[in-house]
Every structure is written in C-alpha cells, then in structure tokens.
Amino acid sequence: MAPRLDFSDWWAKDTRKGTPVVVKMENPNYSVVEIDGPDSAFRPVEKSRGKNAKQVTWVLLLKAHRAVGCLTWVATVFWSLLGAIKKRLSFTQPLGSEKLGRDRWLFTAIKLFLALSLVILGFEIVAYFRGWHYFKNPNLHIPTSTLEIQSLLHLVYVGWLSLRADYIAPPIKALSKFCIVLFLIQSVDRLILCLGCFWIKYKKIKPRFDEQPFGNDDAEGSGFEYPMVLVQIPMCNEKEVYEQSISAVCQLDWPKDRMLVQVLDDSDDVSIQDLIKAEVTKWSHKGVNIIYRHRLVRTGYKAGNLKSAMSCDYVEAYEFVAIFDADFQPTPDFLKLTVPHFKGNPELGLVQARWTFVNKDENLLTRLQNINLCFHFEVEQQVNGVFLNFFGFNGTAGVWRIKALEESGGWLERTTVEDMDIAVRAHLHGWKFIYLNDVKVLCEVPESYEAYKKQQHRWHSGPMQLFRLCLGAILTSKISIWKKANLILIFFLLRKLILPFYSFTLFCIILPLTMFVPEAELPIWVICYIPVLMSFLNLLPSPKSFPFIVPYLLFENTMSVTKFNAMVSGLFQLGSSYEWIVTKKAGRSSESDLLAIAEKETPNTKSQLLRGVSDSELLELSQLEEQKQAVSKKPVKKTNKIYHKELALAFLLLTAAVRSLLAAQGVHFYFLLFQGVTFLLVGLDLIGEQMS
C-alpha cells in the first residue's frame, strides 16, 4: 500500500496545544466561525452554518427566479394551446365536424357523464370551502344527528355522501375489479408474446428453404421449373400511389411467361381510370404480362374485387397468387424469397411478409402508428407463425396457394375484414401459415387522424362481425380443441374484444368516476406501473421510439374510444359497422425510389419506350399524359375536423382532474390532466397532418 503523504496530521500533532481561539467579526456581512485547531479552517463547514442574511436572500431570489421561469413556460405552453384551439375553432366550418350518424349513442352517454360530473364537482367545491372534508377519508363518518347538520345545502351534501357510499360505490368497485382482472390477463398475454419473441431471437428460429429451389438462373429461358404466379393489385381511386405500386410489381424478378399482373381498378373517377390504363399500357409495351380490369358494379368492396378477378378462366393455369395493395412497393426479389417456401410443403397455404413504412417519421401520429405495427409484426405475427402456424392475414404483401383459397370458400363479401375471414376459414380447413419477418415490403401509414381513425374503426368492427358469423363454424370444425380455444378465447375475445373494452372502460370512464366516488379509488399500480410496463414492452421492437413512451401511452388510451365504439358496432351490427372507406394515401417514396425515378425519366428512356408505338397510340399516350398533369394540378380542398366524442371525454377527464386536487391525489391528478389534454388535442385534430 502506498504511504499516505498527508502532513497535516503530523503538523497538528505538535501544534495542537493551548486553548481554542474564537474570532468574532463585528461586520454583519461576515459569518462567525469557531476554530479549534490549525486545520479547522480546511475542514468542510456544515451547510446549516455560515450563512448570513444576504446569502439567504440570494438563495430565495434564485428559487423564486426558477419558479417564475417554470410558471412562464407553463403559461407559454397554455397560451399556445389556447391559440391553436382558437384558430381551429375559427377556421373549421360546420362541414368540418365529425358526422356521428347512428353512432351517437356513445357521445350521448359521455355527455351525460360530463354533465353529472360538473354538478358533483360544484357540490365538492362548496363542501371544500365550507370545511366539510368528509371525502378525504375513505372510511368517512357521515353526520347523522340534526345537531351536526349546519344548513339545507349541508343536508343535501350529506345525503349525497350516503347515496355514494351505499349505492354508487359498490357497483363501480365490482366493475373496476372485473376490468382490472381483464387488464391483468391481457398483460400476461402480452408478456408471453414478448417471451416467445425473445426465444425466437435467442434460438434464431426462422423459416428456411433450399438455396436454389428452382434450379439455375439459366432456366429462365424455358421457365419450366418456376411455378405460375398471379400478382393482383386491387385499388380504388388511388391517384397518389398507383404508379409506384404498378412499377414495383412489374419489376419483380420472375420469368415473364410465368407471371401475370392483374390491376384490379374499382375507381369511380374516369380520369383516374385513364391514368391507370396509361400506366398499364406503358408496362405492357415494355414486355410485362399485365392486364387492366375494371368492374362496372362495385359490390363487396375489396373482397368483391378479388372474387371477380379470381373467377377469370385463365386463373386456372396459375398455382399461387400474390396480393399487394396500391401503396405497397415490393422489392424485385420478393417472389424468390416467398414462393420457394411452398416447395415440398403441401400443407402450406399462406406466406406473409412484413410491412415497413416509408413515412414513419413524417409526424407524431405516424411515429405512434409505427410503434404499434412494429410490435404487431415483430412479436404477434412472428410468435403465432412459429408456434401456432396461424395468424391473421394482413390483406396484402402475402402469397396464397390458390388451392387453399378455393378449398376455404374463396373471397366472401360478408365483412369488412375479408383478409381475416379467409385466414380463419383456411385455418379451419387445416392449412398452415408462415410469417417471414426478414422479407419487408414498403408501404404507407395514414398521416392524418381522420384517415387513421376510419382505418381503425374498420379494423376493430370487422373482427366482431366475423366472430358472430364464424363462431358456429369454429365449434363444429374438425380442428383440435386447443386450436378452437385459441381462436375463440385468445384470437377473438382477448385481443379483439377484451382489449378495447377494458381500455376504454377502465381509463376513460371508471378512473374519472372514482375521483367523485373515492370509496372506489383505483390503486396506483393500475394507473401507472403496469401501463408503463406494457408500453415499454410494446416499444421493444422499435427501440428508437423510446422517447415517445409517454405520448404513446396517452394516445393509446385516446384511441380506445374509437376502438370501443367500433367493437360494439360490429358485435351488435350498429351504425357504420359495414362501412368501407379507402384509407387516404400521400404517395410517399423512399430515397432509392426517387433516385430510380429520376434515372428513368430521361429523354433516352422515353424515346426507347415510344420507339415501337404507332402514331395513333402515341397520340393517345400524349393525351393521357396531358390529362394526368391536369388531374394532378386539380386543387383539392382539405380541412381538419373536430371530433365530438374526444372533446367530451377531454372535458370529463379535466373535470375529474380538478376534483382530484381537492383530495390531494398526485398521480391521479397528473394522469387525468395529461390524458385530458391528449383527448383535447386529438378532438381538435391537432395531431397528425395539418391542413393549411
């Protein structure tokens, strides 16, 4: 051990003699310090000593400055929020409000809760300022004798306390316990999925196939080893994205004589139809085997479109069908990464690829959607595909064995989730599915809240419709009992019904009500700890999104209103449960796509394209090009909307936050405050794409 070179102890050993010296300064600006030795001046002084009045004043001034700065920041944020609200209300026309239609029942119920909470809050404020602090104690003593009653208002308030404790609190307690149990069950399911994903990563489990399943590349001339593949692109008024999707599909690396591209156009706009026809004609002149189909009667939405295309006579010559929505851009090697999995696996009916999003960083709304969808593909789809060989078909970026489609009954028009419908029926017929997490297809997520809300309504009302229709078929099918239990209890009930039910009921209804009924107060771990843990698990597949964990948690609770309304509408056939609205796209392209387009749009390329075209066809193409430019320049008026249900819930939660202040409930207050502000921002459509 190195010697200690500290001479102060040695020096003090010889000089520490005599009596201690006390130095007193008459100047009040200096502090008084007692020195009991020569090294006392070098020792740390206690914080509680040595401070004079001037130093204390400076400390108080610094603290006051920080407090004023914090209040100024809060006031600035609040003032900016009020300015945004005022601007939105002044520029939003009556047509810009949400049309409730037959879904008005939920809005009416929320308004009744809000009116009741405002009345109760008035009573509580009066009671607080008059000193009736009975609500601070859960085991409160309610005055019963006439001597304790101070006035008529006091008598009414005491009657409310008795009614609350005896008749209102018990059913709220029972409902909250039921929702907490559902919450815990769903949390356990989420945890098991994450553990399954970790196991897949640890063991490096993924579907594999032979390196050269179709022989050498020189076999492309004859093409006898490559199976016949039909590629379908269903679309409807997809002016923004039709060109890039057709271009990506036509560049798939597959023998030309072994692939047919069907562009299934359901557009009702003649100008858009002409643009799509021109794009098909362009790729047809390049040697791509591509055809254009348009239905005169648009029935059954996407399911009807696919059903009509599969009824063509030439489809019998094809073994597989790949489906891409209009905003999807597969890579050239997509078919060579998916179709080989079918070889030597006759029970395989579907190969599903993963989605990636070209506009995931466009705004806050797209970032929050990316968190949900990354968890869906990375965890849910992958775990179900590896351990169960079953998952819900995502409707696009997948390859089906046509025989599996035919044996399962083909595309049906009975619901708005035709992809989940065909997947469930194929599973009941014994077909297996494979999910490829490393095969990715570019697409878009909705950039506006209006488009996202309509998409989520369809995605949550359709499964409940399907559950009602296929429950009997599941019970009478020949699959094993545990597969039936997985379909009914987990796939439908837990993940499609229970999740939106408890999320809306527990955090948007019961929690604010417990502020007015403190006997049924929810524990902190239900409000804070477990939701944060579940949000943390959801963010694991997208680690770059961890800074958005709080907005994600608040936004998911906000979306529970839409999901709950859609779930009830689909289950009981209410409102717009069978309404299909095409999700609005922006036509975003990746950097590589933009570079490729720039290279292709050169005069040499254009001259090569038009070299083999006749004069009449050239005239027709030039007219279509002019029409395309005219359509693209056509102004489209867009406005942000106001959403009534979200605004009503915002005021309900903010009212409950004010009530929580009276009982000094810190965590409850902050949660209700931030959740109420989130509902307010969403209700005024201040999240997502903003229209000028």
Side-chain angles (χ1 to χ4, degrees), residues 67 70-86 89 107 109-138 140 153-154 156-158 160-161 163-165 168-169 172 176 504-524 526-528 531 550 553-554 557-558 560-561 643-684 686:
C70 181
L71 291 176
T72 304
W73 180 81
V74 173
T76 303
V77 173
F78 183 71
W79 187 259
S80 301
L81 178 61
L82 289 180
I85 294 173
K86 181 180 178 181
L89 294 177
F107 178 56
I110 296 174
K111 286 196 299 182
L112 292 177
F113 278 117
L114 176 60
L116 185 61
S117 64
L118 289 174
V119 174
I120 298 175
L121 179 62
F123 271 106
E124 298 289 358
I125 292 176
V126 173
Y128 180 82
F129 285 105
R130 294 203 177 189
W132 306 332
H133 295 173
Y134 307 118
F135 52 83
K136 286 188 176 181
N137 183 10
L140 54 85
L153 183 61
H154 191 197
V156 174
Y157 183 71
V158 169
W160 153 246
L161 294 181
L163 177 67
R164 188 182 76 186
I168 299 179
I172 294 180
S176 62
F504 172 74
T505 307
L506 188 61
F507 296 106
C508 299
I509 299 298
I510 294 180
L511 178 59
L513 286 183
T514 55
M515 296 298 99
F516 302 98
V517 186
E519 296 86 355
E521 180 181 339
L522 294 175
I524 296 179
V526 174
I527 302 172
C528 181
V550 175
L553 173 61
L554 297 174
N557 290 335
T558 306
S560 64
V561 184
Y643 300 95
H644 302 87
K645 292 189 289 291
E646 285 80 358
L647 284 179
L649 272 172
F651 294 128
L652 175 62
L653 292 170
L654 293 175
T655 303
V658 175
R659 170 61 183 82
S660 68
L661 283 177
L662 302 180
Q665 295 170 318
V667 176
H668 297 75
F669 166 73
Y670 288 114
F671 181 85
L672 290 168
L673 176 63
F674 291 124
Q675 190 65 71
V677 172
T678 306
F679 267 105
L680 184 63
L681 295 175
V682 173
L684 294 173
L686 293 173

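Everything numeric here is computed off the predicted structure, so don't read it as measured data. The figures here come from the full heavy-atom set of this structure, side chains too, leaving out hydrogens, waters and symmetry mates.
- A heavy-atom distance below 4.5 Å is not found between the side chains of Phe679 and Leu652.
- The distance from the CZ atom of Phe674 to the CZ atom of Phe669 is 8.0 Å, given to the nearest 0.5 Å.
- To the nearest 0.5 Å, atom CD1 of residue Ile172 and atom CD1 of residue Ile510 are 8.0 Å apart.
- Residues Asn557 and Phe671 are in side-chain contact: their nearest non-hydrogen atoms beyond the backbone lie under 4.5 Å apart.
- Residues Val156 and Phe123 have side chains in contact (heavy-atom distance under 4.5 Å, counting atoms from C-beta outward).
- Rounded to the nearest 0.5 Å, atoms OG1 (Thr558) and CG (Leu553) are 9.5 Å apart.
- Residues Ser660 and Glu521 fail the side-chain proximity criterion, which asks for heavy atoms closer than 4.5 Å.
- For the pair Thr678/Leu681, no side-chain contact is recorded, criterion being any heavy-atom separation below 4.5 Å from C-beta on.
- Put simply, the side chain of Phe651 does not reach to within 4.5 Å of the side chain of Leu118, judged on heavy atoms.
- Counting heavy atoms from C-beta on, the side chains of Thr655 and Phe516 come closer than 4.5 Å.
- Proximity of a side-chain donor or acceptor of His668 to a complementary backbone N or O of Leu522 within less than 3.5 Å is detected.
- Remark: the backbone N or O of Leu554 is paired with a side-chain donor or acceptor of Gln675 at under 3.5 angstrom.
- Ser117 is not listed as a side-chain neighbour of Pro512, based on a closest heavy-atom distance of 4.5 Å or more.
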